[in-house]
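One structure below.
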Amino acid sequence: QVQLVESGGGLVQAGGSLRLSCAASGRTFSRYAMAWFRQAPGKEREFVTAISWTGSRTNYADSVKGRFTISRDNAKNTVYLQMNSLKPEDTAVYYCAADIWGTAVIGEVEYEYWGQGTQVTVSS
């Protein structure tokens, strides 16, 4: 069982930056691919980015390439999402998710564990 807790959301102006964190419980964090998804009001949840359990592979949605960076610190059981050059369309609830032995796939059905989400609001 893995419990995930996101933090770092908030209100930021367009062009600004935020760093989200997702802290995982347990001693097997290094076995999990970690991902970030987001859900904007009135829209379906969508893939943002993922990092494989080895850390060697990352995957990004086209809409965030070049602006967002995912990273992980296995010593701290934490995955991060650095978001730069934020746009109003990035406004959403951001969720982290875990997939054991995963390879950073984009399909949310592959992810067994989910956090509760953190709100990111980008004002224009």
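Separating the CD atom in Q1 from the OG atom in S25 is a distance of 8.0 Å, to the nearest 0.5 Å. The CZ atom of R67 sits 13.0 Å away from the NZ atom of K65 when rounded to the nearest 0.5 Å. Atom OH of Y32 and atom CG of L4 lie 9.0 Å apart (nearest 0.5 Å).
Salt-bridge formation is not detected for the pair K87/D90: no Lys NZ or Arg NE/NH1/NH2 atom is positioned less than 4.0 Å from an Asp or Glu carboxylate oxygen.
Contact detail for N84 and S17: the closest heavy-atom pair is OD1-OG, 2.9 Å. Between N59 and T49 the shortest heavy-atom distance is O-OG1, 2.8 Å. Heavy-atom minimum distance, I51 versus G55: CG1-CA, 3.9 Å. Of all heavy-atom pairs between V105 and R57, the closest is N-NH1, 4.4 Å. What you find for Y60 and T69 is that their closest heavy atoms are OH-CA, 3.4 Å. The two residues F29 and A24 have their closest heavy-atom pair at CD1-CB, 3.4 Å.
The closest side-chain donor-acceptor pair between D73 and T78, if any, does not fall under 3.5 angstrom.
Counting non-hydrogen atoms of neighbouring residues, nucleotides and ligands closer than 6.0 angstrom, the CD atom of Q39 exceeds 12 such neighbours. Atom CD of Q3 is surrounded by 12 or fewer heavy atoms from other residues, nucleotides or ligands within 6.0 Å. Within a 6.0 Å sphere centred on CZ of R45, heavy atoms belonging to other residues, nucleotides or ligands number more than 12.
I106 and V64 fall into different hydrophobic clusters, where Ile, Leu, Val, Met, Phe, Trp and Tyr residues are linked whenever their side-chain heavy atoms come under 4.5 Å apart, directly or through other members. Cluster membership check: V79 does not share its hydrophobic cluster with V93, using side-chain heavy-atom separations under 4.5 Å among Ile, Leu, Val, Met, Phe, Trp and Tyr. Cluster annotation: W53 is connected to L81 through the hydrophobic network of ILVMFWY side chains, with a link wherever side-chain heavy atoms come within less than 4.5 Å. By the criterion of side-chain heavy atoms lying less than 4.5 angstrom apart, applied directly or through intervening Ile, Leu, Val, Met, Phe, Trp or Tyr residues, Y113 is grouped together with M34 in one hydrophobic cluster.
Remark: side-chain polar atoms of R72 are not paired, donor with acceptor, to backbone N or O of N77 under 3.5 angstrom. Between the side chain of R31 and the backbone N or O of W101 there is no donor-acceptor pair closer than 3.5 Å. The main-chain N or O of A50 is never found under 3.5 Å from a side-chain atom of T58 such that the two would form a donor-acceptor pair. D99 places no side-chain N or O within donor-acceptor distance of the main-chain N or O of A33, the cut-off being under 3.5 Å. For the pair E6 (side chain) and G117 (backbone), a donor-acceptor distance under 3.5 Å is present.
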Next item on the list: Please test V122 against Q13 for side-chain contact (heavy atoms from CB on, under 4.5 Å), starting from the C-alpha separation and ending with a verdict.
Entry: CA-CA 5 Å; V122 184; Q13 289 189 333; over 6 Å; no
Next item on the list: Could you walk me through whether W36 and C22 pass side-chain contact (heavy atoms from CB on, under 4.5 Å), step by step?
Entry: CA-CA 9 Å; W36 290 94; C22 174; 3.7 Å; yes
Margin query: Assess the residue pair R38 and F47 against the criterion (side-chain contact (heavy atoms from CB on, under 4.5 Å)); give the C-alpha distance rounded to whole Å, side-chain angles, the decisive distance to 0.1 Å, and a yes or no.
Written below: CA-CA 7 Å; R38 67 186 181 186; F47 173 81; over 6 Å; no
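At a threshold of 4.5 Å between non-hydrogen side-chain atoms, the residues L18 and V120 count as touching. No side-chain heavy atom of Y80 sits under 4.5 Å from any side-chain heavy atom of I70. Proximity of T91 to Q119: side-chain heavy atoms (C-beta onward) are separated by under 4.5 Å at one or more points.
Aromatic ring centres of Y95 and F37 lie farther apart than the 6.0 Å criterion allows.
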